[in-house]
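The structure under discussion appears below in the form of structure tokens.
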Amino acid sequence: MSWPRALGTVVATLSGAAILALSTGSASLGSSHDRSEFNRAAVRSYLDETPGVPLVLPRTLPASYRWLGPDAAQLNWRGWVVVRSSVFVPGPIGSGPIVTVCIEASDPSQCPRETNEVIRADGSGARVVILFSGVEPTRQDLEWWDSVELGDPFDASWLG
Amino acid sequence: MIAKIRTLTPIVTALTAFVAATGLVVGPAPHAGADSSGQPTPEIAGEVIGPGADATILVPEAEIDRARNEAADETEAELTNTEERAQDMLLDASERSGGTLTEDSVDAFSLVDGDVVVAMPVTIDIAQVKIDVDDGYVDVSVVANEVETPLAQGSGPGMAPFWGNDGDGDYALIVKGMGDALFKWERDVLRNDGSSAYTWYSYKRKGDAHPFERSGPNARVAKLRVQSYPYDQIEKGLLNWVDWEPASDFSGNEGAPVTLSVSALGIGTVVTFADRDKYKVWRNPNNPGSYWIEMDQGRFIDSGSRSAGYAVVWKAKQGTPGSQHDFQRVVFFYNSGDYYCDEYDAGDTCTPNGVDH
């Protein structure tokens with residue numbers, strides 16, 4: 001349920017019970033929404049619109065992390081995506097590093113580069129560059145992203 | 001590369017004949033006037049060309065560069081009819097040969113007080129234009145530096161330009177007890193563009209705001225603004241806008257992904273976000289790179305995260321940095337109050353102020 005701005009003033013004068021009654025209608029987000037604003041249909045739509053190098057996602061997510069969805073992509077002269085990235089953030093922001101997963105099938109490299117990064121292969125010849133920003137990653141962060149299974153987005157257990 | 005034409009009137013035929021395979025149109029511009037047969041009579045440097053006339057004019061590289069830079073500052077509507085016609089001919093020739101030239105990748109300009117018009121890919125550098133008038137016939141010779149052209153790029157991917165990362169970063173805005181927002185920026189520069197005169201930059205921004213989980217109702221994201229504009233110090237080197245998305249205000253599609261693609265010289269770069277609610281955009285037409293987008297839920301405010309983003313491309317003189325200032329703002333709505341946080345070129349943690357904004 002939407003909160004009308006005009007009603008907001010009225011709500012402020014009502015009891016706490018009234019506020020709770022309003023919030024009941026504001027559908028609590030399901031668990032998959034807690035991990036991503038994008039669902040499988042949205043990912044399918046995105047991939048249909050931007051053919052090229054595969055989108056690679058981790059099979060599982062670290063606790064408290066959300067996927068912000070596809071972020072940036074670079075096209076080649078044929079109009080095919082040769083680089084695409086997506087971003088994972090901890091909740092709240094600042095409680096861990098912001099993680100960017102960049103997949104590239106380009107030479108020279110077009111992914112952003114950072115001091116802290118993990119470079120992996122996705123099995124199809126594409127290179128996966130995992131970058132950390134905001135907060136310095138711990139050794140556990142680096143190890144987790146170095147070992148988590150990466151693959152087809154539709155195999156990701158957390159994607160709604 | 002040397003391109004040369006020998007022509008007499010009519011000029012249209014001359015120009016048509018001068019579409020070279022390398023992508024270049026050059027020729028004497030038509031002027032008012034006609035000979036006794038009614039044919040248009042061209043002029044070079046103020047003299048009507050007719051049988052028996054002789055002259056040689058050399059146009060140096062500095063004069064060519066000056067004319068070219070002036071033309072680069074002009075809008076499409078400011079092209080002369082002859083420049084526009086030369087540009088159209090080059091674009092037609094490019095299309096017929098499978099090339100990727102667009103209006104943005106072609107320079108059209110006049111030399112010798114408008115007596116000679118040139119249309120050429122932006123990636124070609126001209127070292128000299130020589131105009132010989134020999135017994136009324138006009139020879140125009142162009143010496144172009146050997147550089148890669150978009151037409152040539154059509155022959156293989158190894159020669160093609162590509163967007164290379166030229167910097168990126170992120171900022172976090174946190175409103176204590178309400179929510180947080182991540183704002184990203186990424187600047188790319190077109191590599192392998194073949195031009196020693198120009199540089200193309202793309203700048204992509206994206207913001208994503210997320211209410212915290214509370215024991216009571218969560219706050220809601222009322223507004224989200226993402227903005228960037230060039231440093232004062234680089235404005236002199238900025239030439240013109242090339243591409244920008246979104247191009248106008250729009251309403252979101254219930255969280256479906258919106259994929260915004262902008263390009264330079266036919267090479268695209270993309271930013272994607274989940275669009276909901278209403279978005280307003282603004283662009284300063286006189287300041288390439290100056291742009292903002294704002295998501296505003298308006299009178300009725302729904303729950304959940306909200307995102308906004310944009311991608312822009314501009315052309316600058318070679319050697320001009322792509323430095324941009326960033327501005328970001330998030331407004332959370334909770335219990336009749338707006339709680340905002342904003343910052344230039346940085347993140348911030350804000351204490352809820354409860355001030356309606």
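All values reported here derive from a predicted model rather than from experimental measurement.
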Handout entry: chain B contact via Val81(A) - which portion, at a heavy-atom distance below 4.5 Å
Key = neither
Handout entry: side-chain contact (heavy atoms from CB on, under 4.5 Å) evaluation trace for Lys184(B) with Leu68(A)
Key = CA-CA 11 Å; Lys184(B) 292 176 60 63; Leu68(A) 297 187; 5.7 Å; no
Practice task
Tell me, for Asp188(B) versus chain A, whether the close heavy atoms (under 4.5 Å) come from the side chain, the backbone, both or neither.
Solution key: side chain
Problem - Residue pair Pro257(B) / Ala42(A): nearest heavy atoms and the distance that separates them - result: CG-O, 3.3 Å
Fill in the blank from the handout: chain B shares the most heavy-atom pairs under 4.5 Å, among Asp71(A), Val87(A), Thr100(A), with Asp71(A)
Problem - Engaged part of Asn76(A) at the chain B interface, taking heavy atoms whose separation is under 4.5 Å - result: backbone
Fill in the blank from the handout: One should read off an interatomic distance between Gln110(A) CD and Arg191(B) CZ, to the nearest 0.5 angstrom, of 10.0 Å
Handout entry: Portion of Ala311(B) that has a non-hydrogen atom of chain A nearer than 4.5 angstrom
Key = neither
Exercise for the section: Compare every heavy atom of Ser305(B) with every heavy atom of Arg66(A), then report the nearest pair and how far apart it is. Expected result: NH1-OG, 3.8 Å
Exercise for the section: Considering only heavy atoms, give the residues of residues 88-99 of chain A separated from chain B by less than 4.5 Å, sorted numerically, with 'none' for an empty result. Expected result: Val89(A), Pro92(A), Ile93(A), Ile98(A)
Handout entry: Heavy-atom pairs under 4.5 Å with chain A, option from Thr259(B), Ile174(B), Thr349(B) with the top count
Key = Thr259(B)
Completion exercise
Looking only at heavy atoms, the pair that brings Gln74(A) and Trp163(B) closest together is OE1-CB, 3.4 Å
Handout entry: Gap separating the OG1 atom of Thr272(B) from the CZ atom of Phe38(A), nearest 0.5 angstrom
Key = 7.0 Å
Problem - Which of Gly167(B), Gly298(B), Gly347(B) touches chain A most, by non-hydrogen pairs under 4.5 Å - result: Gly298(B)
Completion exercise
So the disulfide (SG to SG under 2.5 Å) pairs with at least one residue in residues 57-104 of chain A (sequence neighbours excluded) are Cys102(A)-Cys111(A)
Problem - Interchain contact, Ser261(B) with chain A, by part (heavy-atom threshold 4.5 Å) - result: side chain
Handout entry: Over 12 foreign heavy atoms within 6.0 Å of CZ, Arg113(A)
Key = yes
Handout entry: Segment of Ser86(A) engaging chain B (4.5 angstrom heavy-atom cut-off)
Key = neither
Please table the atom pairs, donor to acceptor, closer than 3.5 Å between any side-chain atom in residues 46-55 of chain A and protein atoms at least two apart or in another chain.
residue, atom, partner, partner atom, Å
Tyr46(A), OH, Arg84(A), NH1, 2.9
Thr50(A), OG1, Tyr46(A), O, 2.8
Thr50(A), OG1, Arg84(A), NH1, 3.0

Practice task
Taking all non-hydrogen atoms of both residues into account, name the closest pair between Glu186(B) and Ala72(A) and its distance.
Solution key: OE1-CB, 3.7 Å
Exercise for the section: With a 4.5 Å cut-off on heavy-atom pairs, point out which of Asp170(B), Asp166(B), Val258(B) contacts chain A the most. Expected result: Asp170(B)
Handout entry: Heavy-atom side-chain contact between Leu75(A) and Thr269(B) under 4.5 Å
Key = no
Problem - Reported OG-to-CH2 distance for the pair Ser336(B) and Trp3(A), which is rounded to 0.5 angstrom - result: 10.0 Å
Practice task
Sort by residue number and list every member of residues 131-144 of chain A having a non-hydrogen atom under 4.5 Å from chain B.
Solution key: Ser133(A), Gly134(A)
